[in-house]
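Working notes for the structure below.
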Amino acid sequence: MAKRVFSGIQPTGTLHIGNYFGAIRNWVALQEDHDCVYCIVDYHAITVEVDPQVLHDASINMALDLIACGIDPERSILFVQSAVPEHTELAWIFGCVTSYGDLTRMTQFKDKSAGKKFVSAGLFNYPVLQAADILLYRAEEVPVGEDQVQHLELSRRIARRFNSRFGEFFPEPTPIVGKGARIMSLADPERKMSKSAGEAHYIGVMEEEASIRKKVRSAVTDLGPRGDEMSPGVANLFEILELSADPETVAELRREYAAGTLMYSHLKDVVFESLMRVLRPIQARRAELVAAGNVEEILAAGAEKARRIARENMRQVREMVGLFPCAR
Ligand code: TRP
């Protein structure tokens with residue numbers, strides 16, 4: 001039996017190449033030999049304030065992006081979290097086997113709540129819902145970016161505590177971290193590429209070619225002398241090159257760098273071209289999907305498949321915990 005994989009992505013914000021190389025490309029590859037469940041996590045998105053119409057459109061846009069990137073809704077289950085109410089149901093039960101102290105140590109919570117006037121309890125409970133997402137399908141492997149490793153550790157603790165209290169039911173899920181998880185901002189190569197840092201700090205997967213060219217061309221390459229070490233900006237360009245170009249091209253440019261003959265303008269041109277060779281077909285595929293106009297049907301079918309698994313697992317969980325069966 002193929003192992004079950006689960007992963008989730010928030011719908012709000014733009015899908016950038018850090019997400020693509022760090023996680024989504026992995027999601028696509030895993031479809032070959034795993035039983036994959038991929039979820040657009042809109043309940044996680046409402047842990048901070050978001051306009052309802054914006055949220056709804058973002059979920060649909062994220063589905064288009066993911067399918068364009070190669071998620072195949074025939075082979076994998078692709079759906080929106082809120083279409084399967086068992087996620088929040090399991091999250092409540094998990095909240096009761098999660099240590100408050102553990103939640104206070106989550107670095108993502110500390111980062112996201114720092115300096116905020118209003119911090120929701122939902123933001124605090126975010127990792128509990130994430131554990132519910134994964135374990136609702138009894139998934140064993142979770143492709144994520146590096147920043148999610150701590151949340152996965154907590155998911156394992158939750159599974160363990162549930163199992164020891166109520167009986168063996170959940171596997172302990174392990175993260176699969178993508179190679180490209182360390183793409184940095186082109187404008188500030190000492191911080192991670194992210195959508196929250198602003199326009200200049202990320203390259204969107206669906207971004208217009210002219211805009212991507214501009215961002216690559218103006219990438220920061222030098223931050224003052226650093227001895228023999230490659231500057232973070234140049235290292236970052238090589239990182240993107242490694243992820244998008246063929247090995248010979250990378251090796252050639254590395255030789256030039258070592259010989260001291262590499263022009264950064266040339267490096268940038270090659271990075272741009274290699275990146276566009278990855279992105280162009282994805283962008284074209286997305287345009288086709290928009291034209292086909294059936295993404296909402298695809299999501300509804302995905303949610304139906306997901307719910308069949310979720311409903312059965314929750315039936316068993318209710319029984320193990322001593323809760324009542326669902327009313328009809
Ligand atoms: N917290 C994840 C992120 O910010 C998104 C997410 C929610 C997720 N539920 C998940 C990822 C379950 C993996 C598995 O990237």
Side-chain angles (χ1 to χ4, degrees), residues 3-27 30 34-48 50 55 58-59 62-63 65-66 69 71 76-84 86-91 94-95 98 103 106-113 120 122-159 170-178 180-183 192-197 202 306 309-310:
K3 277 200 178 152
R4 178 159 293 155
V5 158
F6 182 97
S7 200
I9 187 163
Q10 289 207 33
T12 42
T14 326
L15 191 69
H16 59 70
I17 61 168
N19 305 131
Y20 177 72
F21 290 116
I24 308 305
R25 202 166 65 159
N26 244 335
W27 292 21
L30 284 162
H34 288 73
D35 165 13
C36 299
V37 183
Y38 296 130
C39 184
I40 296 163
V41 294
D42 53 351
Y43 273 127
H44 282 99
I46 63 168
T47 55
V48 295
V50 50
L55 176 69
S59 293
M62 183 54 76
D65 288 355
L66 293 175
C69 285
I71 301 302
S76 301
I77 298 180
L78 176 68
F79 70 108
V80 178
Q81 188 183 32
S82 60
V84 180
E86 284 79 5
H87 287 253
T88 46
E89 189 186 350
L90 184 58
F94 278 178
T98 304
L103 287 178
M106 293 293 119
T107 57
Q108 187 169 304
F109 174 71
K110 288 190 232 173
D111 292 347
K112 287 196 178 178
S113 60
S120 71
L123 191 63
F124 186 67
N125 285 321
Y126 180 113
V128 179
L129 179 58
Q130 181 165 349
D133 293 340
I134 299 163
L135 294 170
L136 183 55
Y137 302 92
R138 300 213 272 184
E140 293 174 87
E141 292 182 347
V142 185
V144 280
E146 210 177 44
D147 61 331
Q148 294 301 309
V149 169
Q150 192 188 29
H151 285 164
L152 262 289
E153 172 61 30
L154 181 70
S155 297
R156 286 196 293 281
R157 287 170 70 85
I158 291 172
F170 294 113
E172 291 185 25
T174 53
I176 309 173
V177 177
R182 292 240 44 101
I183 296 188
K192 231 185 97 173
M193 178 172 285
S194 88
K195 40 200 171 197
S196 48
Y202 67 84
I309 303 167

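Numbering of ligands and ligand atoms starts at 1, following listing order.
Protein residues having a heavy atom under 4.0 Å from any atom of ligand 1 are F6, S7, G8, V41, H44, Y126, Q130, D133, I134, V142, V144, Q148, listed by chain and number.
Contact of the H34 side chain with the K3 side chain is registered, since non-hydrogen atoms from C-beta on lie closer than 4.5 Å. Looking at heavy atoms from C-beta onward, T98 lies out of side-chain contact with N125 at the 4.5 angstrom threshold. Counting heavy atoms from C-beta on, the side chains of Q108 and Q148 come closer than 4.5 Å. With contacts defined as side-chain heavy-atom distances shorter than 4.5 Å, the pair E141/P173 does not qualify.
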Worksheet entry | Trace of the ring-ring contact (aromatic ring centres under 6.0 Å, His included) decision for H87 with Y137 | CA-CA 10 Å; H87 287 253; Y137 302 92; 5.5 Å; yes

Using a 3.5 Å cut-off and no angle test, enumerate the donor-acceptor pairs between side-chain atoms of residues 36-44 and protein atoms at least two apart in sequence or in another chain.
residue : atom : partner : partner atom : Å
Y38     : OH   : W27     : O            : 2.7
D42     : OD1  : S82     : N            : 3.0
D42     : OD1  : S82     : OG           : 3.3
D42     : OD2  : S82     : OG           : 2.5
H44     : ND1  : Q81     : NE2          : 3.4
H44     : NE2  : Y126    : O            : 3.2
H44     : NE2  : Q130    : N            : 3.3

